[in-house]
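Each remark here refers to the structure printed beneath this line.
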Amino acid sequence: MSNARKVLVRVLTSVRFAIIVSIGALVGGSACFAATSGTPSHWIGVLALSVATGASGIYVGTVARLRIRNRSDRR
């Protein structure tokens, strides 16, 4: 595996990076929800916020579980 790929994998599997990306997704979903609130297409905002929330939880959970699993394999 090349050095650049190792660095990329290390960054993408960092819990701190996952939390930062999740917060950004939640802020974006909330902004979309707020922008479409009270309009005929408010369901788009609800969908965006729901997808952002679900994806954020999945990403952070998967990264945290991966880190714990990798740490226990080293022992």
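Excluded from the calculations below are hydrogen atoms, water molecules and symmetry mates; all remaining heavy atoms, backbone and side chain alike, are included.
- Among all heavy-atom pairs drawn from Ala25 and Ala52, the shortest one is O-CB, 3.4 Å.
- Summarising the geometry of Ala64 relative to Val15, their closest heavy-atom pair is CA-CG2, 4.2 Å, with the distance given to 0.1 Å.
- At least one side-chain heavy atom of Leu49 sits under 4.5 Å from a side-chain heavy atom of Ser30.
- Cluster membership for Val21 and Leu66, using ILVMFWY side-chain heavy atoms within less than 4.5 angstrom, is not shared.
- The heavy-atom pair separating Phe17 from Leu12 by the smallest distance is CE2-CD2, 3.6 Å.
- In terms of heavy-atom proximity, Tyr59 sits nearest to Ala18 at CE2-CA, 3.4 Å.
- The OG atom of Ser50 sits 12.0 Å away from the CH2 atom of Trp43 when rounded to the nearest 0.5 Å.
- Between Leu8 atom CG and Asn3 atom CG the span is 11.5 Å, to the nearest 0.5 Å.
- Each of Leu26, Ile19, Ile20 was evaluated against Ile23; a single residue qualifies, Ile19, per the side-chain contact (heavy atoms from CB on, under 4.5 Å) test.
- Atom CD1 of Ile58 and atom OG of Ser22 lie 10.5 Å apart (nearest 0.5 Å).
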